[in-house]
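Only a predicted model underlies this, so the values are computations on that prediction, with no experimental measurement involved. Counting begins at 1 with the first residue of the sequence. Atom set for the values below is all heavy atoms of this structure, side chains included, hydrogens, waters and symmetry mates excluded. Whatever order the structure lists ligands and atoms in, that order sets their numbers, starting from 1.
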Amino acid sequence: MYDALVVGSGVSGLTNALLLAQAGQRVAVVERAQQCAPLLRGFERWGIQFDTGFHYAGALADGEGLQRFFNLLGLDRHVEIEPMRSSGFDRIITAAGFSYDFPVGGDEIVRSLSDKFPRERSAIRRFIDDTLQVSDHLPYINPTTPIDQLSAFDRAHDVSLTDYLAALTTNPMLRRLLSLHCLLHGIAPERVPFRFHASVIGPYFRSASTIVGGGLALANAFERCLNEAGVDLICDAEVEQILLSSNEGVEGVELSDGTVIHSQTVISTIHPHYTLNCLPDRVFRPIYRKRLSSLDESMSACVLFARCRQPLEVLRGRNLYLLSASATSPPIQQQHQQYGRGSVDEKLLYVTSANAASGSDCGGFMVIAPTTAAQFSQWCQSRLGQRPDSYNMYKQRISAQMIGQLEQSQPELIAAMDRCQLATPLTLRDYMFSPDGALYGVQHQVDQYPLQAITRIKGLYLSGQALIAPGVMGAMISGFSTCGTILGHDRLVGELKQCHQTIQ
Ligand SMILES: Cc1cc2nc3c(=O)[nH]c(=O)nc-3n(C[C@H](O)[C@H](O)[C@H](O)COP(=O)(O)OP(=O)(O)OC[C@H]3O[C@@H](n4cnc5c(N)ncnc54)[C@H](O)[C@@H]3O)c2cc1C
């Protein structure tokens, strides 16, 4: 019998587990994959370690909020944070030859962007100030912010990013540039509330860092901390049912092999649709079931994983956002029309480096092209390893298009590439167990009320990227928020404040 059982070992599940174990509870984490944190862990191929769920994050610099989380959970003892290039951690390049490097720091962005758009200085200043005003005061990330402002994350009635930018400037290029980071939450500019966008993006403007060894290093650090804290990690175990007692309180879970694990507290960090599937219909009101089951998915992507003959200097400490006109290539253009009206005229490719496995002198990179699962709907019944030839041929077409677009802008990447393989939304769906292969789970969109950690079932709590925000930071805040509901927010905030003092 456990005090608490966490379903899912992603960033949010592991954060919940560590916080509860640190509070003296006996905790187990149940994960359907073979190892914990499968999304963070990524995979190795051709001597290259490819990251899937983590490339870079904000707020990891000394004294910042995410670093404070790492400190409190003990992760900082096992990972090495590496700042990205402060002069430009994200390089934007358009087909027309426009190029801009996003530097670290609000004032630096205002200065360098104003050099590119001299008449827009006040609009740029306003955008940066508004963004940082939101992100500097996120609950838990900033321990002095009152917790009742947690709802600030979802701001159901906030204006969309598109409307916010329309009120700020008429310059289409500047609007497009300031919308590109939507890639980090997967919601189109016309659907994402401005304040939500600011919550996710602002921390990157303060500092942008990666972790030496990538997501795998973070997954391993979590695993070591779980061991140290005495948390039981049960992998290769899929929760099929959340079990209820006769008075409709939680009493544990049943796995797909029939094993029952008892606990009076269950925290579900899995996709809300799947949480619903684990419970009998009667337990939630129809309106709540409808709300959970009708949440829209964030964008998906085609992801090209490539190996190169040598490491690539252009990708050291920076990512590329490549925009090109979309006169040709219907498949990707079609995807963009579905992803968001703001991106109909241009195709976006995001390029980031991969880590060579130890002992290898090769390099590698990943290219993410936003898309939706609808483009692959004719093969949606197929599963990994059993796809028909027509799907494989279509994949080859998409790969060729992505390589062609990349070659126009970054010929040296393609010249150095010696192997590549494409993942589609169907690959992501089956690998991440995410409906439609959504990169970041459900959307947090304008006019949508936030999900709460507490449910009407005694002992059942929700957590995960669906609650607060996606990303390592959003998933960790959801862990603090859910455990705050269980243990008391003041207690966790107090511990973070103590960390704050120790760090300073
Ligand atoms: C391609 C890609 C790139 C990304 N890049 C970045 C980045 O650079 N920086 C950043 O901060 N974020 C990034 N993210 C986002 C980030 O990885 C996620 O937002 C975050 O990891 C989500 O954590 P989570 O715990 O909420 O969900 P998940 O990691 O999805 O955890 C849920 C877990 O539950 C398990 N599970 C599901 N159903 C069951 C069941 N029935 N029984 C048991 N276990 C179950 C799943 O296997 C999974 O491990 C990226 C995501 C993707 C897909």
Assess [X] for proximity to ligand 1: is some non-hydrogen atom of it under 4.0 Å away?
| X | result |
| --- | --- |
| M432 | yes |
| G215 | no |
| Y440 | yes |
| A33 | no |

Answer yes or no: does atom CZ of R224 have more than 12 heavy-atom neighbours from other residues, nucleotides or ligands under 6.0 Å?
->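 No - once you tally the heavy atoms of other residues, nucleotides and ligands closer than 6.0 Å, there are 12 at most.
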
Does atom CD of Q381 have more than 12 heavy-atom neighbours from other groups under 6.0 Å away?
->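 No, because the 6.0 Å sphere around CD of Q381 holds 12 heavy atoms or fewer from other groups.
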
Nearest heavy-atom pair of R68 and C499: which atoms, and what distance?
->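 The pair with the smallest heavy-atom distance is CG-CB, 3.7 Å.
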
Relative to the ring of [Y], is the ring of [X] parallel (under 30°), tilted (30 to 60°) or perpendicular (over 60°)?
| X | Y | value |
| --- | --- | --- |
| F50 | W46 | perpendicular |
| Y56 | F89 | tilted |
| W379 | Y394 | tilted |

Judging by distance only, is a nitrogen or oxygen of [X] under 3.5 angstrom from one on ligand 1?
| X | value |
| --- | --- |
| L439 | no |
| V239 | yes |
| G471 | yes |
| P470 | no |
| E31 | yes |

For [atom], what is the closest protein heavy atom, and at what distance to 0.1 Å?
| atom | value |
| --- | --- |
| atom 44 (N) of ligand 1 | R32 N, 3.1 Å |
| atom 30 (O) of ligand 1 | L39 CD2, 4.2 Å |
| atom 23 (O) of ligand 1 | A475 CB, 3.7 Å |
| atom 28 (P) of ligand 1 | G10 CA, 4.1 Å |
| atom 10 (C) of ligand 1 | V472 N, 3.6 Å |
| atom 25 (O) of ligand 1 | S12 OG, 2.6 Å |
| atom 52 (C) of ligand 1 | T52 O, 3.6 Å |
| atom 32 (C) of ligand 1 | T269 O, 4.0 Å |

Which of the numbered atoms in ligand 1 are under 4.0 angstrom from any heavy atom belonging to [X]?
| X | answer |
| --- | --- |
| G464 | 26 (O) |
| E238 | 41 (N), 42 (N) |
| Y56 | 7 (C), 8 (O), 9 (N), 10 (C), 11 (O) |
| F433 | 37 (C), 38 (N) |

With no hydrogens and no angle check, is any side-chain donor or acceptor of S263 less than 3.5 Å from a backbone partner on Y2?
->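 Such a contact is found between S263 side chain and Y2 backbone.
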
Is it true that a side-chain atom of S9 and a backbone atom of A37 form a donor plus acceptor pair closer than 3.5 Å?
->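 Pair found, side chain donor or acceptor close to backbone of A37.
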
Is it the side chain, the backbone, both or neither of A237 that has a heavy atom closer than 4.0 Å to ligand 1?
->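 Only the backbone of A237 comes within reach of ligand 1.
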
Between L40 and ligand 1, which part of the residue brings a heavy atom under 4.0 Å of the ligand: side chain, backbone, both or neither?
->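 It is neither part, as no heavy atom is under 4.0 Å.
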
Out of [options], who is nearest to [atom] when you count heavy atoms only?
| atom | options | answer |
| --- | --- | --- |
| atom 26 (O) of ligand 1 | M473, Q465, Q35 | Q465 |
| atom 6 (C) of ligand 1 | G479, G8, G53 | G53 |
| atom 37 (C) of ligand 1 | I270, V30, D51, V253 | I270 |

How long is the gap from CZ on R45 to CZ on F305, to the nearest 0.5 Å?
->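 The CZ atom of R45 sits 8.5 Å away from the CZ atom of F305.
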
Identify which one of T485, V27, L20, V7 satisfies the side-chain contact (heavy atoms from CB on, under 4.5 Å) criterion when paired with I267.
->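 Result for side-chain contact (heavy atoms from CB on, under 4.5 Å) with I267: L20.
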
Counting C-beta onward and ignoring hydrogens, is there a side-chain heavy-atom pair between [X] and [Y] closer than 4.5 Å?
| X | Y | value |
| --- | --- | --- |
| Y204 | F102 | no |
| N319 | M84 | yes |
| I211 | I81 | yes |

Is any NZ, NE, NH1 or NH2 atom of the basic residue among R191 and E297 found under 4.0 Å from an Asp or Glu carboxylate oxygen of the other?
->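 Salt bridge between R191 and E297, a charged N being under 4.0 Å from a carboxylate O: no.
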
Candidate pair Y321 and H181, rule ring pair (Phe, Tyr, Trp, His ring centres under 6.0 Å), full reasoning = CA-CA 9 Å; Y321 285 70; H181 284 119; 5.4 Å; yes

